[in-house]
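Let me begin by presenting the structure, written as structure tokens, before commenting on it.
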Amino acid sequence: MGEAEEDDKQFDLIVESSGLDHEQVDSLKKGFDGFDKEGGGTITQTTMQMILKSMGVKVDKDEMDGYAAEVDEEASGKFTFLQFCEVSAKFMVEDDVEQMREELKEAFRIYDKEGQGFITTDVLKEILREIDTTLTESDLDNIIEEVDDDASGTLDFDEFQAMMMG
């Protein structure tokens, strides 16, 4: 098996276990390889922070210390690529979820024109039609039935977020 195939297998495992996507793992690999100059297969915690910051990821030092300690069971101060990805995912995946939540809040505010803290199921149907023009009226009714837990005809932000984030 070639080195590229080995990387692909390792990437698949990392994607599956961490919540990172292939593109993120590839970027992390490039950063890791760039700093693992001797080819020893490890980097330091400081290097991990530098790589993440260079990728635009916000890194809190205390959180980094905690996450690094979790994966560095021997307290060696050296991290393999897999360990680096585990730590990186703690910062990168959480950022994605938080960013998605903020975007959903903004979208919800736009559709909650009266500022009442809810949108009607009719407004939700309009949103869903914009997202997917192939949805039938029956599809829309089924979706509404699924997400409008209390059959109130309205969705508060939590119900809207649960639906959009699946």
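What you see is a predicted model; the values in this text were computed from it and never measured. Numbers here are sequence positions counted from 1.
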### Message
Tell me if the centroids of the rings in F160 and Y111 come within less than 6.0 Å of each other.
### Response
no

### Query
Do you know which two heavy atoms are closest between E73 and E70, and how far apart they sit?
CG-O, 4.0 Å

### Task
Would you indicate whether E16, at its atom CD, is surrounded by more than 12 heavy atoms from other residues, nucleotides or ligands within a distance under 6.0 Å?
no

### Query
Are L128 and F118 linked, directly or through other ILVMFWY residues, by side chains that come within less than 4.5 angstrom of each other?
no

### Task
Describe, in one word, how the ring planes of F81 and F11 are oriented to each other, choosing from parallel (under 30°), tilted (30 to 60°) and perpendicular (over 60°).
tilted

### Query
Heavy-atom count around E145 CD within 6.0 Å, excluding the residue itself: above 12?
no

### Query
Below 4.0 angstrom, N of the basic side chain to O of the carboxylate: do R129 and E126 qualify?
no

### Task
Give, for atom CZ of F32 and atom OG1 of T42, the distance between the pair rounded to the nearest 0.5 Å.
6.5 Å

### Task
Would you kindly confirm whether I143 and I131 end up in one hydrophobic cluster when ILVMFWY residues are joined by side chain heavy atoms under 4.5 Å apart?
yes

### Query
Would you find more than 12 non-hydrogen atoms of other residues, nucleotides or ligands less than 6.0 Å from Q116 atom CD?
yes

### Check against side chain to side chain contact (heavy atoms under 4.5 Å, CB included), V15 and H22
CA-CA 6 Å; V15 165; H22 277 273; 3.8 Å; yes

### Message
Determine whether a donor-acceptor pair (N or O, by modelled atom type, separation under 3.5 Å) exists between the side chain of D62 and the backbone of G66.
### Response
no

### Message
I'd like to know whether CD of E137 has more than 12 heavy-atom contacts from other residues, nucleotides or ligands below 6.0 angstrom.
### Response
yes

## Note on the structure
d(D72 CG, D65 CG) to nearest 0.5 Å is 11.5 Å

### Task
Decide yes or no on side chain to side chain contact (heavy atoms under 4.5 Å, CB included) for F91 and M64, but give the supporting numbers first.
CA-CA 9 Å; F91 293 100; M64 173 60 89; 4.0 Å; yes

### Message
Measuring from atom CD1 of I127 to atom CG of L155, what distance do you get when rounded to the nearest 0.5 angstrom?
### Response
9.0 Å

### Query
How long is the gap from CG on D36 to OG1 on T47, to the nearest 0.5 Å?
9.5 Å

#### Entry: Minimum side-chain heavy-atom gap T136-D141 below 4.5 Å
no

### Task
Keeping to residues at least two apart or across chains, list the salt bridge (charged side-chain N to carboxylate O under 4.0 Å, His left out) pairs with something in residues 106-115.
E106-R109

## Note on the structure
When rounded to the nearest 0.5 Å, the distance separating CE of M48 from OH of Y67 is 12.5 Å

### Task
Kindly give the heavy-atom pair with the smallest separation between L20 and M92, and that separation in Å.
CD2-CB, 3.9 Å

### Task
Identify the heavy atoms of M163 and L124 that sit nearest to each other, and give their distance.
CE-CD1, 3.5 Å

### Query
How close do V59 and Q49 get, heavy atom to heavy atom, and via which atoms?
CG1-CG, 3.9 Å

### Message
Within the structure provided, determine whether Q24 and D21 are in side-chain contact (heavy-atom separation under 4.5 Å).
### Response
yes

### Task
Show your reasoning for whether side chain to side chain contact (heavy atoms under 4.5 Å, CB included) applies to L13 and Q10.
CA-CA 5 Å; L13 288 172; Q10 186 181 28; 5.7 Å; no

### Task
Let me see the working for I14 and L28 under side chain to side chain contact (heavy atoms under 4.5 Å, CB included), right down to the final yes or no.
CA-CA 11 Å; I14 293 168; L28 291 172; over 6 Å; no

### Message
Checking T120 against D122 for the side chain to side chain donor-acceptor pair (under 3.5 Å) test, could you report, in this order, the C-alpha distance in whole Å, the side-chain angles of both residues, the deciding distance, and whether it holds?
### Response
CA-CA 5 Å; T120 65; D122 288 339; 5.0 Å; no

### Message
Can you tell me how far apart OG1 (T44) and CZ (F84) are? Round to the nearest 0.5 Å.
### Response
10.5 Å

